[in-house]
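Here's the structure we're looking at; comments come further down.
Remember, predicted model here, so these are calculated numbers, not experimental data.
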Amino acid sequence: LGVLAFTLLTGGALIPSTREDDCGSGAAMHLLFTWGKQPEVMSDLFKKIHDGAARDLVMQLLMSKPEERPTVAEMLEHPFFKPQSVEMVRNMDNRLGEIHESLKSQAKQLETINANILVIKKLSYES
């Protein structure tokens, strides 16, 4: 699941491989062999995931010892699946309301300008 999440979030393979699913290079084989033992390599690899919550989840899913990985129930409680979405939606809703009010105000101003233009045209024809 961690490899799939990494691939979906980065658009690239976690471990480069050939068409036959063999490691693509000696470096790829070394990365697999030393998985979790070289923090600096892991850090560089996970920097490809820009979202902090997503990065944390993938790091947990890719722990080398299965007992250290989260259960499905624990995963579903992870911040990645429960982002600040309620607050974000509320903020977006408030902002959309502000934009709507601004557009209504601009529409009224435009109506007033158009009405004034018609009056000016009428007066210019009468002169």
Side-chain angles (χ1 to χ4, degrees):
L1 189 55
V3 174
L4 178 61
F6 181 90
T7 302
L8 291 172
L9 290 165
T10 65
L14 179 63
I15 306 291
S17 61
T18 65
R19 187 176 204 122
E20 291 80 30
D21 283 337
D22 292 330
C23 282
S25 66
M29 180 62 82
H30 180 71
L31 179 61
L32 279 174
F33 181 74
T34 60
W35 189 259
K37 298 174 186 157
Q38 296 178 320
E40 65 282 350
V41 173
M42 304 299 283
S43 176
D44 287 343
L45 191 61
F46 290 123
K47 283 181 184 174
K48 294 177 181 179
I49 303 172
H50 301 290
D51 180 75
R55 184 181 321 112
D56 180 66
L57 178 62
V58 171
M59 289 172 69
Q60 289 182 35
L61 291 172
L62 291 171
M63 297 297 287
S64 57
K65 296 179 183 175
E67 63 272 8
E68 294 177 355
R69 297 178 198 150
T71 64
V72 172
E74 291 169 339
M75 275 192 319
L76 292 175
E77 292 301 317
H78 191 276
F80 177 74
F81 294 108
K82 295 185 178 216
Q84 310 300 343
S85 60
V86 173
E87 183 178 333
M88 183 175 62
V89 168
R90 193 175 300 130
N91 289 341
M92 287 178 12
D93 189 47
N94 290 340
R95 184 66 185 125
L96 286 173
E98 292 169 6
I99 291 169
H100 180 70
E101 291 302 316
S102 175
L103 288 173
K104 281 181 16 182
S105 172
Q106 291 174 8
K108 287 180 182 178
Q109 290 175 350
L110 190 57
E111 285 177 27
T112 303
I113 291 170
N114 284 335
N116 288 339
I117 290 172
L118 289 175
V119 169
I120 292 169
K121 282 182 178 179
K122 184 178 179 183
L123 290 173
S124 67
Y125 290 133
E126 292 175 359
S127 323

- Task: Given side-chain contact (heavy atoms from CB on, under 4.5 Å), test Gln60 with Glu74 step by step and report yes or no.
- Result: CA-CA 11 Å; Gln60 289 182 35; Glu74 291 169 339; over 6 Å; no

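Smallest separation of non-hydrogen atoms from Ala53 and Pro79: CB-C, 4.3 Å. Ala5 approaches Val58 most closely through the heavy-atom pair CB-CG2, 3.8 Å.
Cluster membership check: Met63 does not share its hydrophobic cluster with Val3, using side-chain heavy-atom separations under 4.5 Å among Ile, Leu, Val, Met, Phe, Trp and Tyr. Criterion: ILVMFWY side-chain heavy atoms under 4.5 Å apart, direct or through other members. Under it, Leu4 and Met59 are not part of a common hydrophobic cluster. Taking hydrophobic clusters as Ile, Leu, Val, Met, Phe, Trp and Tyr residues chained together by side-chain heavy-atom distances below 4.5 Å, Leu76 shares a cluster with Leu61.
Proximity of Leu57 to Phe81: side-chain heavy atoms (C-beta onward) are separated by under 4.5 Å at one or more points. Side-chain atoms of Phe80 and Asp56, non-hydrogen and from C-beta on, never get closer than 4.5 Å to each other. Side-chain contact between Thr112 and Gln109 is absent, with no heavy atoms from C-beta onward closer than 4.5 Å.
Interatomic distance, CZ of Arg55 versus OG1 of Thr10, reported as 12.0 Å (0.5 Å rounding). Considering OG1 of Thr71 and CD of Glu77, their distance stands at 9.5 Å, rounded to 0.5 Å. The CG atom of Leu1 sits 10.0 Å away from the CZ atom of Arg69 when rounded to the nearest 0.5 Å. Interatomic distance, NZ of Lys108 versus CG of Leu110, reported as 13.5 Å (0.5 Å rounding).
With hydrogens and angles left out, the side-chain atoms of Asn94 and Glu98 include no donor and acceptor closer than 3.5 Å.
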